[in-house]
Number of protein chains: 2
Amino acid sequence: MVTPAVSRAERVREQVLDATVELVAAVGVERLSIDEVANRSGVAKSTIYRHFPSKQVLVVEAVHACTSIPLVTDSGSLREDLISCFSGMTKASYEGRLGDMMMSLMDAAQRDPELNRLVRAQTDQKRRFATEVLERAIARGEVSADLDVDLTVTLLSGPLVYTKLVRRMPLTNELIAAVVDSVLAGIDVGIAGGLRTK
Amino acid sequence: MVTPAVSRAERVREQVLDATVELVAAVGVERLSIDEVANRSGVAKSTIYRHFPSKQVLVVEAVHACTSIPLVTDSGSLREDLISCFSGMTKASYEGRLGDMMMSLMDAAQRDPELNRLVRAQTDQKRRFATEVLERAIARGEVSADLDVDLTVTLLSGPLVYTKLVRRMPLTNELIAAVVDSVLAGIDVGIAGGLRTK
DNA sequence: ATCGATCGCTACGGTACCGTAGCGATTCGC
DNA sequence: GCGAATCGCTACGGTACCGTAGCGATCGAT
């Protein structure tokens, strides 16, 4: 038999992580059981333990496996960049497989230091992307340097996360645009009026 | 012995609910066990089952037991009312004992219809309070009737919930005021400029 | 004071999951 | 191809929790 494209070890690893993602999305982190992962993945429980020493590690790697880093655009327009940025980020993190895990992940992160670091790192990264977009706008004079960037990121992220996680409503492009436009409108008159030059 | 102020049944009920709140805050809804509630409350497991037929019911009643309805002020100033409204609501729901349960509660609500109704009802009620405040401002002409009230409530609630649940940072009065002021600034110029008459 | 209701306590069988071990079968590196 | 590593499978003892039952003690209403 020829050597397959992916080794057996890799194939096993993928199957296990895939089943883990499905299970966490379905029953949550707390009720995730290795037995069930073994059943769904078709991988023996003993083999799972050979690859992942603990449930904690398994979940962390499963999250990593379905985490994608969205592109940060630089169109020259703050509005366009923010919409693009938040559209990419929210759809990557709060929809699809990762989105289905997110709530349970955040809950478990309150008690698990490892998961806490993971979730916090992802949150911080998303905030950094948005911060970059805002600081570029400041650099080119589109927005006043007096802008409270951190608050603005919260004003932008909050409503979207709240809509998805708490209200469990879809994150439409219309909503993202409406949030961005509303916050930009606030920036326009925010500090002393006419701070946004464009 | 004289008849106590509260009957034994009431005292038992309180002890059980109290221990349940503590435990849910500590280990989450999923890992809540009746055995542990019995240990912490000093109430026998069999007695707990006499009062609460299932863990589901127990959690729901425990949440009800530490839920308070904040007052909705009517100062005549939209800004003051919003700050007062969100200050009361967020501190009632996202801080203290209920706040410690909230994340786990929302996670469990994704899989438990009963908890889902409970969480959704609380969210809807908070939104209704904020909606009332905004509609009163519209009625007295402080804000244009064209205002998208639902979006505005999301713009106000989102950043606060996000700050508390996702970032796990304290909800200071400064933050609440900053969010309210930012959103109000956006409303001012939001639709056609100068919609806020005051 | 009495008597029924309630409670604390203990124990039970049943279930689910843990993490490990042994042993053929399969696969991979050489 | 051949040896070694890996895997699937089964089984194991141990733990935690479930929901129920029995029984003596306590409480509460009359």
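So that the names make sense, note that chain A is the first sequence line, chain B the second, and so on, each numbered from 1. Given the structure is predicted, the values throughout are model-derived calculations rather than measurements. These values consider heavy atoms only, across backbone and side chains, with no hydrogens, waters or symmetry-generated copies.
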Could you tell me how far apart [X] ([atom1]) and [N] ([atom2]) are, to the nearest whole angstrom?
X       : N      : atom1 : atom2 : result
A/Glu30 : D/dC17 : CD    : C1'   : 15 Å
B/Tyr49 : C/dT6  : OH    : C1'   : 19 Å
A/Arg13 : D/dT6  : CZ    : C1'   : 16 Å
B/Asp35 : C/dT15 : CG    : P     : 17 Å
A/Ile48 : C/dC18 : CD1   : C1'   : 13 Å
A/Arg31 : C/dC17 : CZ    : C1'   : 13 Å
A/Lys55 : C/dC18 : NZ    : C1'   : 10 Å
B/Arg11 : D/dT26 : CZ    : C1'   : 11 Å

If you apply the rule side chain to side chain contact (heavy atoms under 4.5 Å, CB included), what do you find for B/Leu58 with B/Leu17, and how did you get there? CA-CA 7 Å; B/Leu58 179 60; B/Leu17 292 180; 4.0 Å; yes
Between B/His51 and C/dC7, does any side-chain N or O lie under 4.0 Å from OP1 or OP2? yes
Examine C/dG8: is either OP1 or OP2 under 4.0 Å from a nitrogen or oxygen in the side chain of B/Thr47? Give yes or no. yes
Candidate nucleotides [options], ranked by approach to the side chain of [X] - the nearest:
X       : options               : value
A/Ser33 : D/dG8, C/dC18, D/dC18 : C/dC18
A/Arg50 : D/dG8, C/dG19, C/dC7  : D/dG8
A/Lys45 : C/dG8, C/dG19, C/dA11 : C/dG19
B/Ala44 : C/dG8, D/dC7, D/dA11  : C/dG8

Is A/Leu32 touching bases, backbone alone, or none of the nucleic acid, heavy atoms closer than 4.0 Å? sugar-phosphate
Minimum heavy-atom separation for A/Ala38 and A/Ala44, please, with both atom names. CB-C, 4.3 Å
Does A/Ser46 contact D/dC7 through a side-chain donor or acceptor facing the base, at a distance under 3.5 Å? no
One pair to check against side chain to side chain contact (heavy atoms under 4.5 Å, CB included): A/Arg13 and A/Glu61. What are the steps and the verdict? CA-CA 10 Å; A/Arg13 208 184 135 81; A/Glu61 306 236 3; 2.4 Å; yes
Under a 4.0 Å N-O cut-off, is there an ion pair linking A/Glu114 with A/Arg117? yes
Polar side chain donor-acceptor pair, B/Asn173 to B/Lys91, under 3.5 angstrom: yes
